[in-house]
Q: 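Structure provided below as structure tokens; questions to follow.
None of the values given here were measured: they were computed from a predicted structure. The chains referred to below are lettered A, B, ... by the order of the sequence lines, with proteins before strands, and numbering in each begins at 1.
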4 protein chains.
Amino acid sequence: MAPKSPEDFEKMRAESRSNILQSALKLFAEEGYDNTSISQIARDAGISKGLVYNYFDSKQELLEQVVHKGLKLMPEIFEASDRKIDSSTLPNMLERFRKSLKNDRLFWKFYAELLLQFLRNRELLQQFDMLFNEFIELFIECMRQQNVTNPEIEGRKLAAMLDGVSLHYMFDDDYPIDDIFDDIIKTYVPHASHE
Amino acid sequence: MAPKSPEDFEKMRAESRSNILQSALKLFAEEGYDNTSISQIARDAGISKGLVYNYFDSKQELLEQVVHKGLKLMPEIFEASDRKIDSSTLPNMLERFRKSLKNDRLFWKFYAELLLQFLRNRELLQQFDMLFNEFIELFIECMRQQNVTNPEIEGRKLAAMLDGVSLHYMFDDDYPIDDIFDDIIKTYVPHASHE
Amino acid sequence: MAPKSPEDFEKMRAESRSNILQSALKLFAEEGYDNTSISQIARDAGISKGLVYNYFDSKQELLEQVVHKGLKLMPEIFEASDRKIDSSTLPNMLERFRKSLKNDRLFWKFYAELLLQFLRNRELLQQFDMLFNEFIELFIECMRQQNVTNPEIEGRKLAAMLDGVSLHYMFDDDYPIDDIFDDIIKTYVPHASHE
Amino acid sequence: MAPKSPEDFEKMRAESRSNILQSALKLFAEEGYDNTSISQIARDAGISKGLVYNYFDSKQELLEQVVHKGLKLMPEIFEASDRKIDSSTLPNMLERFRKSLKNDRLFWKFYAELLLQFLRNRELLQQFDMLFNEFIELFIECMRQQNVTNPEIEGRKLAAMLDGVSLHYMFDDDYPIDDIFDDIIKTYVPHASHE
DNA sequence: CATGAATGAGAATTCATTCAT
DNA sequence: TATGAATGAATTCTCATTCAT
């Protein structure tokens, strides 16, 4: 009844949009992109099918937006807040990653799915590539900090290992994720414990 | 006049079947399972749509057969021929793996795709799970051979790293795959360096 | 501007659903279940193929719904309105049946078709079986009313004869349906003649 | 090895043909015409799919031949061997029919299926119509023999009842077929009892 | 802004029929 | 005569997308 202000509308739009993205992320992660229909997403978001198209031009664009939103979470996990890399950066990052893996299994399943989509889809690949390289660069930088002999190689190995561990963890409910992380942290951050 | 002999038929069948599996592997790997239609597979194999169903009951079964065939390659890559694990097993395996990654990129792309399919599909998961665990066990056994402190953890880390490296390599055409492998071999096979 | 109200949608749905059932009944009856494609039904109903699946999960379910709707007509034909069986029940029923046979030839053709489907399809058989037995029981009850020596047998004979007459009538455009019915009524309702 | 004489070939042909017809009858009766594939028939007959087309031009023609062969059995059941109709014709016929119903349930199921096919298929209808009318005429003639008041009507009623009883019997494994037949025979052949 | 009915292109699957041998 | 591989048209069913209200 009360006439809504432009701001109200704006807020509603943002909220609806966010709901849709939320539902899409969940369903894409659980069922896979191809096995998720717009109807399901709409139903899950509690809105009508048609309305989805009010916010996103196509299913493909919805995917891209979900990815976009998802990738923005990555830096929060991996980047040190002060952007300065020091000896605590890597252990902090690893801890945050471990925590995220355990808490946001859904997101990481989706991330795994995306890896595959990316291998095929040029549009998505570009969005992702930059971030992906930043992420590797970050590890390389950490290695450099630690004065390892070959930071480029060591950084890539660490990145690969973490991706591999994530995959295996998603596969196997009994995966000893904590043991593995404890060990990785110990290995890659040896200075942390003694001297 | 002369009716075809059973051998003739057998040969035809084997050939067609093999063609179909070949095309299916290629397309599943390149486009993904869901984005590949039976029509495409048939077209690629140079046969009619209907014939595919002469050899495979369903698209799902075709996938399973492709997987089955693919998984048979794994042991050749990872297992020591004499089944005895000694100090040369791991370097041999790693070399074979490196070579396979570079030669059979298609297969490994597909393998990556499968990881995701597996996360959802119970049928496939079972076929795969055993092999997957064997593969991890193998690395653990190698670690045990080398008297590392914690073979269980070290084996899993190595397995994860190799999966991660494979993924990254598939992503990035400039990935320094040889440097990484050289390093891994050097790290995990320290004895190799000093004679 | 104004969104459609739930009532509007409800009305649209009911109408479309009814159209589809109508067309399906007609075509199943005329062509047989197996010889009728969803496309034909859609075309006949003046809608798109896909819409049929908006209302019915499968062709099989469409059949079941058509049957369900059709079977609801049966009681109107065969049951005495007051549920009490007396000497007028049978002649009334026979008259209603005669009238229905002549008016609803389509339905009865379909009913005949169904008999055959039923011989194979367990799902449908159950829906039908109850009604079928009720129908025979009804005749038996009428016979009992008339104090015939062996009402069980006589009831079944009458039921069989009516099914047979229906079939023959559907076959033969010159079938003397009225003569037959007049005779049956005279035979089975002897009291009608002498008061 | 021994060169086959033309007669041998002829006999083999006849035998193969008969096998196919046998299998087709069985499968059509059990599964229905539409649900039976040529492959099934060939498999059941122990020959190749292609060979079926050596004997029959099409599935439709195979159906027609099965019908043709089947209908030839009818006279054996219904006609008095000496073609003369007397007071024993009807009871004999009814006994033969009862026996056939119980022994050849498969055939009668198929006959029921055919009734429906006939209602749609002009080709088949013609083959059948003649026989169908002969069959009714036969009953009418029997009634005439018995000096019933209205042989035309009574004959048709008997024919209808027998068709109906057959259907019901096929439906219901507990159908009291013998009681019904005993009663029919007693009713329609009253003279049989008192001399 | 919101709804869900309606569309239609495309996918998997079946199967009668053909054909080379 | 006999085989079964191969074809392709037809069928059921799904779902992204449009549109009238």
Q: To the nearest 0.5 Å, tell me how far D:E10 CD sits from D:M12 CE.
A: 11.0 Å
Q: Using Watson-Crick or G-U wobble pairs with both distances under 3.5 Å, give me DNA chain E in dot-bracket, 5' to 3', with [ ] for crossers and | for pairs to another strand.
A: .||||||||||||||||||||
Q: What is the distance, rounded to the nearest whole Å, between atom CZ of C:R43 and atom P of E:dG8?
A: 13 Å
Q: Tell me: CG of D:L62 to P of E:dT17, nearest whole Å?
A: 10 Å
Q: Taking CD from B:E61 and C1' from E:dA12, how many angstroms apart are they, rounded to a whole number?
A: 14 Å
Q: Starting at atom CD1 of A:I20, determine the distance to atom C1' of E:dC1, rounded to an integer number of angstrom.
A: 12 Å
Q: How long is the line joining CG of D:L27 and P of E:dC15, in whole Å?
A: 13 Å
Q: So does C:K69 have more than 12 non-hydrogen atoms from other groups sitting under 6.0 Å from NZ?
A: yes
Q: How would you summarise protein contacts on nucleotides 5-12 of chain F per nucleotide, using B for base, S for sugar-phosphate only and - for none, with heavy-atom distances below 4.0 Å?
A: BBBB-B-S
Q: From CG of C:D57 over to P of F:dC15, roughly how many Å is that when rounded to an integer?
A: 12 Å
Q: Grab the two heavy atoms, one from C:K59 and one from C:T36, that are nearest each other, plus how far apart they are.
A: NZ-O, 2.7 Å
Q: Take atom CD of A:Q60 and atom C1' of F:dC15, then tell me their distance rounded to the nearest Å.
A: 16 Å
Q: Measure across A:I38 and A:K49 and return the closest heavy-atom pair with its distance rounded to 0.1 Å.
A: CG2-CG, 3.9 Å
Q: Quick one: closest heavy-atom pair of D:E61 and D:D57, and the distance?
A: OE1-N, 2.8 Å
Q: What are the two closest non-hydrogen atoms of C:F28 and C:L63, and how far apart are they?
A: CE1-CA, 3.9 Å
Q: Examine distances only and state if a side-chain atom of C:Y55 and a backbone atom of C:L62 form a donor-acceptor pair shorter than 3.5 Å.
A: no
Q: Check residues 17-25 of chain B and write down every donor-acceptor pair under 3.5 Å in which the side-chain atom is one partner and the other belongs to a residue at least two apart or another chain.
A:
unit_1 : atom_1 : unit_2 : atom_2 : d
B:R17  : NH2    : B:Q65  : OE1    : 3.3
B:S23  : OG     : B:N19  : O      : 3.3
B:S23  : OG     : B:D44  : OD1    : 2.6
B:S23  : OG     : B:A45  : N      : 3.4

